[in-house]
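Written out below as structure tokens is the structure these notes cover.
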There are 2 protein chains.
Amino acid sequence: MGVTIHDVARAAGVSVASASRALSGRRKVTPEIAERVARAAAELGYQPNAVAKALRDQTTGTIGMVVPGIGNPFFTTIVEAVERELQNSGTDLLLCASQYSPQVEARRLETLLARRVDGLIISPCDIEASVPAVLDAARRVPLVQVDRYIEGGGADWVGVDDEAGLALAVEHVIAGGARSVVFAGSRLESSSARLRLSGFERTAARAGVEVLPPLLGEFTLEWGVEAGRRLLDAGRLPDAVVCANDEIAVGLVRSLRFGGARVPEDVAVVGFDDVGHATMCDPPLSTVRQPVEEMAAEAVRLLGQVKAGDPRPAQRIAIAPRLVVRQTSRPVAAGVAE
Amino acid sequence: MGVTIHDVARAAGVSVASASRALSGRRKVTPEIAERVARAAAELGYQPNAVAKALRDQTTGTIGMVVPGIGNPFFTTIVEAVERELQNSGTDLLLCASQYSPQVEARRLETLLARRVDGLIISPCDIEASVPAVLDAARRVPLVQVDRYIEGGGADWVGVDDEAGLALAVEHVIAGGARSVVFAGSRLESSSARLRLSGFERTAARAGVEVLPPLLGEFTLEWGVEAGRRLLDAGRLPDAVVCANDEIAVGLVRSLRFGGARVPEDVAVVGFDDVGHATMCDPPLSTVRQPVEEMAAEAVRLLGQVKAGDPRPAQRIAIAPRLVVRQTSRPVAAGVAE
DNA sequence: GAAACTCGGGTAATCGATTACCCAATCGAT
DNA sequence: ATCGATTGGGTAATCGATTACCCGAGTTTC
């Protein structure tokens, strides 16, 4: 079916070695041969077989990326940023979704490794259950974790400083006058979920405000709606709700307003991520912005440095987040208003 | 670096042929050899090299998918549906985004073909500019278009019946009492954009209502906001706006309400797609639902049947859409209420 | 003028898994 | 006991691109 380099060599009347050299330019050939090979290749519509090249070179020019789900805009934003970052390096991205399941995730990693990707970027879905598969993969190819990480620190990571981000959010609502606060987040299956809760608790405790029991569900709009309903049902609203991501925050604002509460007059709401959902919300959401472009750039850079199974101590690169004050919280001097 | 089947064979004390046969089970071996090979493979942590297998078998067990952008929730929904559909068939998906650029799209197709994918699913970004790359790809591997298609009908397609969908939307707002209508859509670069506009115009003309000049921009929330602003600036609002997708509709509702118009009392708004944005909107959006699961299933099924370059006439499978009435339009007897 | 180099081309090995082909051993039938 | 068939194992070809290695012709150097 396909045209091979042998066909090109035959058509040009030279050996395969010359054809290969003429096409790759990795060794000199006479101008005449270069010309004949180029013409033959063009005429036959020759396209090198990347599979054969990969087998011979022991490198595929692809890196694999595994994220929990592409339905979540935060992950698609990261994926796009990584793609942009890889754009001109000649490496392609092989994208997989683990669907928030450690089993699926392990299977995906297996097939990516079988396809001999040159490196992996992963946001492990579960801080504990993802450990064996991720460590195993890291032993075989360069691997960088992004956003989420596995416990124990066996692999490099780049992400946002979650605790600092939550501190910004909590301090902001307190500066706006909040005396009672609550956290609406996700069950503690990921590092992000845990760090955001602990960042919240630590800052709130230090500030001495009243802290209601956290509402932990999923990183989804639906859970935000449900969390809002529970707050309304409880009879007494806190002055502020700090959310673990924007989807939760958007759902929460929706259900609070639906229940008759005014945002931000009765309750201030702050989200986390700032990836599009935030400006779409009504009113626009105050949130903590993740530096997605920097994270992607850093992840790609790190991946280039890492050697598989290198016993070098794992790095953790935490980038500082930034507070973006919009209209679901009362503005104060601090923070950026947009 | 990697453990090969030669290593396994040596460790088990058999030939590579026996090792391969024991592992694949494609020819009988004695139980004793099967046992020794299985043990050796497990001990060495043998993992077959998919690149070598692909070269030898001339098939990679992957299909490529190219969509305009993964930022658009409609495309991520289709991608997820295709992934689910492929789940248990042992084929993996290689996902690429063309970023709405025919050049990028052509490059992506080239690299997918170089990697010898067994098939392609594509939503071509431009009805004209995408033609050569798509036809060329279709000549080399089985290819199915999804949602969008290129003009001229050189390749199979599966999608929603866009014109029928728009007819549903227009008839619905007219049944709700609208006497003047306008279409907010995208510039006519894709088949969807064109068919939705023509479906709108045909139905509106037949019904004899007043039709304002269409607002054509992009399939984005931002364009929806802008379109709403233009309607407000024009001084006189139509009774209903029918949009080419939900993102436009959501943005439009936002800016209409921001400008003081009531939805649906002053203006009815209907979207298209129904992929999550719709329920998130405030108020929840009336829209036309695309049968994404069916489209994905049909695309995968079709891909299995198509042979590359087969001169069989191209098929177009248009699945009927369904109207979902929520709260941005006045309910009438017809349609499904949710 | 011969030894040492350079230049550029061709042959064949290589990557790893699969399998066509060959061969020896065993079995059943006559 | 002999012949054909069956069973199962091993050797080496194969997929396509790259490149180590070799070789001959032409140049340079003393």
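Naming convention: chains lettered A, B, ... in sequence-line order (proteins, then strands); numbering from 1 in each chain. Just so you know, these numbers use all the heavy atoms, side chains as well, and skip hydrogens, waters and symmetry mates.
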**Message:** Please determine whether any donor N or O and acceptor N or O are separated by less than 3.5 Å between the side chain of B:Arg56 and the base of D:dG16.
**Reply:** no
**Request:** Return the nearest nucleotide to the side chain of A:Thr30; candidates are D:dG16, D:dG10, C:dG8.
**Result:** C:dG8
**Asked** Taking atom types as modelled, is there a side-chain donor on A:Asp118 or A:Thr59 under 3.5 Å from an acceptor on the other?
**Response** yes
**Nearest to side-chain heavy atoms of B:Ile5, which nucleotide of C:dA12, C:dT18, D:dA17** = C:dT18
**Asked** Contact class for B:Ser20 (heavy atom, under 4.0 Å): base, sugar-phosphate, or nothing?
**Response** base
**Ion pair A:Arg84/A:Glu293, N-O distance below 4.0 Å** = yes
**Asked** Does any N or O donor sit under 3.5 Å from an N or O acceptor when you compare the side chain of A:Arg27 with the base of C:dG9?
**Response** yes
**Request:** Can you tell me the distance, in whole Å, between the CZ atom of B:Arg10 and the C1' atom of C:dG16?
**Result:** 13 Å
**Prompt:** So, is A:Lys53 near the phosphate of D:dG16, with a side-chain N or O under 4.0 Å from OP1 or OP2?
**Reply:** no
**Message:** I'd like to know if the side chain of B:Gln47 and the backbone of A:Glu110 have a donor-acceptor N/O pair within less than 3.5 Å.
**Reply:** yes
**Message:** Classify A:Arg26 by what it touches in the nucleic acid, base, sugar-phosphate, or nothing, heavy-atom distance under 4.0 Å.
**Reply:** sugar-phosphate
**Complete:** Rounded to the nearest 0.5 angstrom, the OG-CD1 distance for A:Ser130 and A:Ile122 is 6.5 Å
**Per A:Val16 side chain, nearest of listed nucleotides C:dA17, C:dT19, D:dT18** = D:dT18
**Asked** Taking a pair as Watson-Crick or G-U wobble with both distances under 3.5 Å, which nucleotide is matched to C:dG9?
**Response** D:dC22
**Closest heavy-atom pair and its distance - B:Val144, B:Ala299** = CG2-O, 4.0 Å
**Prompt:** OP1, OP2 of D:dA17 versus side-chain N and O of A:Tyr46: anything below 4.0 Å?
**Reply:** yes
**Request:** Take the protein atom CG of A:Leu44 and the nucleotide atom C1' of D:dA17, then report the distance between them rounded to whole Å.
**Result:** 16 Å
**Asked** Where the side chain of B:Ala52 is concerned, which of C:dG16, D:dA17, C:dT19 is the nearest nucleotide?
**Response** C:dG16
**Request:** Side chain of A:Ser15 only, please: which of C:dA17, C:dG10, C:dG8 is the nearest?
**Result:** C:dG10
**Interatomic distance where CG belongs to A:Leu55 and P belongs to D:dA17 [whole Å]** = 12 Å
